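Here's the structure we're looking at; comments come further down.
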2 protein chains.
Amino acid sequence: MRLSKRGEYGLRAMIMLAGSARENEPLPVVQIKEISQREQISSKFLEQILLTLKNAGMLHSKMGVGGGYYLARPASEITLGQIFRVLDGPVAPIKCVSQMAYEPCGCPDEQTCGLRLVMGDVRNAIVDILDHTSLEDVAKRREAVQQSLGLTSQ
Amino acid sequence: MRLSKRGEYGLRAMIMLAGSARENEPLPVVQIKEISQREQISSKFLEQILLTLKNAGMLHSKMGVGGGYYLARPASEITLGQIFRVLDGPVAPIKCVSQMAYEPCGCPDEQTCGLRLVMGDVRNAIVDILDHTSLEDVAKRREAVQQSLGLTSQ
DNA sequence: TCAAAAGTCTACTAGTTCCATAGACTTTAT
DNA sequence: ATAAAGTCTATGGAACTAGTAGACTTTTGA
């Protein structure tokens, strides 16, 4: 049940972009190089990932001096599920329970396949989380954790 | 977030073994060939999978004429999570949230890593299902579905 | 106007994993 | 003794993963 490095890096980059937004300021434009340094990711690999995300409409970019990437929509309107699917494909653990990419799995009787019933539950549990967690939610949650750590360490 | 064929076939085989048990009868001994035919799985591939499951202590076997495989413990004491881990490794989508195989994931600050917080939730959701669903649970659920289909089709 | 700074695009590759298949071997019942 | 079953190890092709390389385009601003 593994998230690929591609997915991990892409999600981390998007979360970083959402986290560097400040209220009442324009969306910050951040360079690949800066993201790769802050998140410790190979910049050439990250480049491909951001390009994919851009072509999927989740990021916009500016070329040339002073250019970089920024979120295509407000952080509250981009969910982790959307990002995940662009980079790692369907969320479902097995194709016969996938909403986005259904395929029969080859069991003798799909309707009564026990594995399918359980994996359907697993799929729903994952989707519930990923599709209902926006980049904004993640940023807020991180801030909350940071604050609680700050308070308890005093 | 994919379950491998290995994991899928192994789970299906175990579910089949649990499903072919009858009350007040000794655990049925089933041959590889029969499982592979009923579940439409390459018998040589299945052979390796069952062997792995046997070496992990989840199956027992009998060699020779009239031999085959049978569950090493009652179906109520074998969970899908146990089987999954033997065949596909840790359940966690990312190593830094794995209980069984923790490794740092390389993010700058693990404690406040937003991705890690969310993936921890995902891990917990999956584990909740897989570790609390036994082979017996699956068999009962399948029977319930079969009954409800039988009733409504009359 | 030109050079530097940035993203864009395509190709390549070493390594790994996945899904098997093959075949020789061991154990057991009759 | 023989046939039926599981055991074990090796091999192979295909796909995928994580990354590297390099030539190209667009934009800014000196």
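Bear in mind the structure is a predicted one, so any value in this text is a computation, not a measurement. Below, chain A is the first sequence line, B the second, and so on; all start at residue 1.
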Between B/Leu46 and A/Lys54, the residue closer to the 5' end of DNA chain C by nearest nucleotide is A/Lys54
Pairwise N/O distances under 3.5 Å, protein to nucleotides 13-20 of chain D:
{"unit_1": "D/dA18", "atom_1": "OP1", "unit_2": "A/Lys5", "atom_2": "N", "d": "3.3"}
{"unit_1": "D/dA18", "atom_1": "OP2", "unit_2": "A/Lys5", "atom_2": "N", "d": "3.2"}
{"unit_1": "D/dG19", "atom_1": "OP2", "unit_2": "A/Tyr9", "atom_2": "OH", "d": "3.4"}
{"unit_1": "D/dT20", "atom_1": "OP2", "unit_2": "A/Ser42", "atom_2": "OG", "d": "3.0"}
{"unit_1": "D/dT20", "atom_1": "O4", "unit_2": "A/Gln48", "atom_2": "NE2", "d": "2.3"}

Between CG of B/Leu51 and P of C/dT26 the distance, given in whole Å, is 16 Å
By nearest-nucleotide position on DNA chain D, the 5'-leaning member of A/Lys62 and B/Tyr69 is B/Tyr69
From CE of A/Met63 across to P of C/dC9 the rounded distance in Å is 7 Å
A/Leu53 atom CG is separated from C/dG7 atom P, nearest whole Å, by 14 Å
From OH of B/Tyr70 across to C1' of D/dA5 the rounded distance in Å is 14 Å
For this session: In plain terms, say whether A/Asp109 and B/Arg142 are close enough for a salt bridge, that is, a side-chain N and a carboxylate O under 4.0 Å apart.
Result: no
Answer yes if the side chains of A/Ser134 and A/Asp137 hold a donor-acceptor pair under 3.5 Å, and no otherwise. yes
Next on the checklist: Does A/Glu8 form a salt bridge (charged side-chain N to carboxylate O under 4.0 Å, His left out) with A/Lys5? I'd like the steps, not just the answer.
Outcome noted: CA-CA 5 Å; A/Glu8 177 191 331; A/Lys5 285 291 174 189; 3.4 Å; yes
Note to self: So does A/Thr79 get a backbone contact from the side chain of A/Gln82, meaning a donor-acceptor N/O pair under 3.5 Å?
What the structure shows: yes
What I'd like to find out is whether the side chain of A/Met16 reaches to under 4.5 Å of the side chain of A/Val30, using heavy atoms alone.
yes
Of the listed D/dA4, D/dT28, D/dG6, the closest approach to the B/Val65 side chain comes from D/dA4
Q. Side-chain N or O of B/Ser61 less than 4.0 angstrom from OP1 or OP2 on D/dT7?
A. yes
Query raised in the report: If you look at every strand shown and take non-hydrogen atoms under 4.0 Å, does A/Leu50 touch a base, only sugar-phosphate, or nothing?
Result: nothing
From CG of B/Leu87 across to P of C/dT17 the rounded distance in Å is 16 Å
Separation of D/dT25 atom P from A/Ile32 atom CD1, nearest Å, is 18 Å
* Apply the test side chain to side chain contact (heavy atoms under 4.5 Å, CB included) to residues B/Arg116 and B/Met119: give CA-CA distance (whole Å), side-chain angles for both, the deciding distance (0.1 Å), then the verdict. => CA-CA 5 Å; B/Arg116 186 163 167 275; B/Met119 288 301 153; 5.9 Å; no
The nucleotide from D/dT7, C/dC9, C/dG7 with an atom nearest the side chain of A/Glu47 is C/dC9
Taken to the nearest whole Å, CG/A/Asn55 to C1'/C/dT10 is 13 Å
Salt-bridge present (B/Lys140, B/Glu143; N to O < 4.0 Å): no
Here the distance between atom P of C/dG7 and atom NE2 of A/His60, to the nearest Å, is 15 Å
